[in-house]
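Bear in mind that the values here come from a model prediction, so they are computed numbers and not experimental data. The basis for the numbers below is simple: all heavy atoms, side chains too, and nothing from hydrogens, waters or symmetry mates.
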Amino acid sequence: MFTGIVSDIGTIETVEVRGDTRVRIATAYDPETIDLGASIACSGVCLTVIDKGHDGGRGWFDIQASGETIARTARDQWTQGRRLNLERAMKLGDELGGHIVTGHVDGIAEVLDVTPDGESHRIGFAVPAALAPFIAPKGSITIDGVSLTVNGVEDDGETTRFWVNLIPHTQAVTTLGGLAAGQAVNIEIDVLARYLQRMEHYRGR
């Protein structure tokens with residue numbers, strides 16, 4: 001379980017296809033504090049640490065991404081040099097600074113536009129209409145592992161458009177500050193919205 005508060009930006013160093021895809025990620029985390037088998041969210045994807053170590057003074061950890069994981073995450077995410085938002089699994093008693101995040105990607109959004117808004121950036125996204133019931137103004141959403149608030153939503157039948165505002169701090173400490181139109185990002189809807197929708201489905205039967 002995670003909170004959507006990014007604590008490091010990692011960089012993919014190597015990608016090896018061995019049936020599944022093995023990825024080495026450079027990180028500022030101290031590998032001595034990472035247990036093998038631990039979960040780390042990598043741009044919103046909960047993955048298991050299968051190896052770890054130091055290289056030239058910087059730490060790294062390896063994960064294994066299945067074909068299912070790669071198929072359901074943003075295109076080009078698992079490429080050498082890609083920067084990833086990292087978050088370690090929360091512990092009991094940790095502050096819930098964002099919202100409850102599971103690390104399971106629900107869909108892919110495309111960046112429509114990035115517009116300056118004071119010192120912040122207003123970023124618009126398009127998502128498949130199937131996710132529309134789960135996205136609401138002032139609700140929570142996770143974009144590439146970052147907990148954000150939805151500022152507004154528009155539906156046109158085939159797709160749903162929504163937008164968020166990124167303050168300068170969020171731009172600086174996550175990869176979202178580098179987003180541009182046309183990029184794909186991982187989306188996780190609010191887990192509470194998921195269960196409410198399921199309850200409404202059965203209530204109407």
Side-chain angles (χ1 to χ4, degrees), residues 1-109 111 140-148 166 169-179 183-191:
M1 197 68 69
F2 307 92
T3 68
I5 303 300
V6 172
S7 52
D8 185 31
I9 297 178
T11 303
I12 294 180
E13 293 192 326
T14 60
V15 179
E16 296 181 55
V17 179
R18 308 179 181 178
D20 287 339
T21 300
R22 182 166 178 148
V23 181
R24 177 159 297 180
I25 301 169
T27 179
Y29 296 151
D30 180 358
E32 298 300 322
T33 67
I34 302 174
D35 293 330
L36 293 180
S39 295
I40 296 180
C42 302
S43 285
V45 186
C46 178
L47 293 165
T48 301
V49 175
I50 60 172
D51 199 2
K52 61 178 183 174
H54 289 92
D55 184 11
R58 189 171 189 194
W60 56 265
F61 65 91
D62 287 358
I63 59 88
Q64 206 163 7
S66 68
E68 174 76 2
T69 296
I70 292 173
R72 290 186 174 272
T73 51
R75 63 182 181 272
D76 301 326
Q77 175 166 329
W78 308 110
T79 55
Q80 188 175 19
R82 181 73 175 239
R83 299 166 75 235
L84 302 175
N85 296 316
L86 302 181
E87 181 186 357
R88 299 177 68 169
M90 67 182 300
K91 300 176 182 177
L92 289 176
D94 284 353
E95 178 180 351
L96 184 60
H99 69 283
I100 296 173
V101 175
T102 64
H104 299 154
V105 174
D106 293 300
I108 306 301
V111 178
S140 295
I141 196 162
T142 307
I143 300 175
D144 272 355
V146 183
S147 172
L148 294 165
L166 296 185
H169 175 77
T170 305
Q171 296 173 45
V173 301
T174 73
T175 63
L176 302 188
L179 289 179
Q183 282 187 246
V185 295
N186 299 319
I187 295 291
E188 181 181 334
I189 59 176
D190 187 349
V191 66

Value rounded to 0.5 Å, distance of [atom1] in [X] from [atom2] in [Y]:
| X | Y | atom1 | atom2 | result |
| --- | --- | --- | --- | --- |
| I63 | T21 | CD1 | OG1 | 8.0 Å |
| C46 | H104 | SG | NE2 | 5.5 Å |
| L84 | C42 | CG | SG | 6.0 Å |
| Q171 | L166 | CD | CG | 5.5 Å |

With no hydrogens and no angle check, is any side-chain donor or acceptor of [X] less than 3.5 Å from a backbone partner on [Y]?
| X | Y | value |
| --- | --- | --- |
| K52 | I34 | yes |
| N186 | D144 | no |
| T174 | T170 | yes |

We want to know whether [X] and [Y] form a side-chain donor-acceptor pair, criterion being a heavy-atom distance below 3.5 angstrom.
| X | Y | value |
| --- | --- | --- |
| T3 | E87 | yes |
| T69 | W78 | no |
| T175 | N85 | yes |
| E188 | T102 | yes |

Would you call [X] and [Y] a side-chain contact if the rule is heavy atoms closer than 4.5 Å?
| X | Y | value |
| --- | --- | --- |
| V101 | D190 | no |
| F2 | M90 | no |
| L47 | I40 | no |
| I187 | T142 | no |
| Q183 | L176 | no |

Notebook entry, point to check: Can you pull the salt bridge (charged side-chain N to carboxylate O under 4.0 Å, His left out) pairs that have at least one residue in residues 11-22, sequence neighbours excluded?
Noted result: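 Counting only pairs at least two positions apart or across chains, the salt bridge (charged side-chain N to carboxylate O under 4.0 Å, His left out) contacts touching residues 11-22 are E16-R18, R22-D51, R22-D62.
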
Can you see which heavy atom on [X] is nearest to which on [Y], and at what distance?
| X | Y | answer |
| --- | --- | --- |
| T11 | G81 | CG2-O, 3.9 Å |
| A184 | R82 | O-NH2, 4.2 Å |
| D76 | T79 | O-OG1, 2.9 Å |

Checklist line | All side-chain hydrogen bond (donor to acceptor under 3.5 Å, both in side chains) counterparts of E32, not counting sequence neighbours | finding: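 With sequence neighbours excluded, E32 shows a side-chain hydrogen bond (donor to acceptor under 3.5 Å, both in side chains) to no residue whatsoever.
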
Margin query: Does the Lys NZ or Arg CZ of R24 fall within the cation-pi geometry relative to F61 - under 6.0 Å from the ring centre and within 45° of the axis?
Written below: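 Ring-cation test returns no.
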
Notebook entry, point to check: How far apart are the C-alpha atoms of Q77 and V23, what are their side-chain angles, what is the distance that settles it, and do they pass the side chain to side chain contact (heavy atoms under 4.5 Å, CB included) test?
Noted result: CA-CA 11 Å; Q77 175 166 329; V23 181; over 6 Å; no

Checklist line | V49 and D35: CA distance, side-chain angles, deciding distance, side chain to side chain contact (heavy atoms under 4.5 Å, CB included) verdict | finding: CA-CA 8 Å; V49 175; D35 293 330; over 6 Å; no

Notebook entry, point to check: Residues two or more places apart in sequence or in another chain: which of them pass salt bridge (Lys or Arg N to Asp or Glu O under 4.0 Å) with D8?
Noted result: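 Checked D8 against salt bridge (Lys or Arg N to Asp or Glu O under 4.0 Å); zero matches.
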
Item checked: R58/T27 under side-chain hydrogen bond (donor to acceptor under 3.5 Å, both in side chains): CA gap, chis, key distance, verdict -> CA-CA 7 Å; R58 189 171 189 194; T27 179; 5.7 Å; no

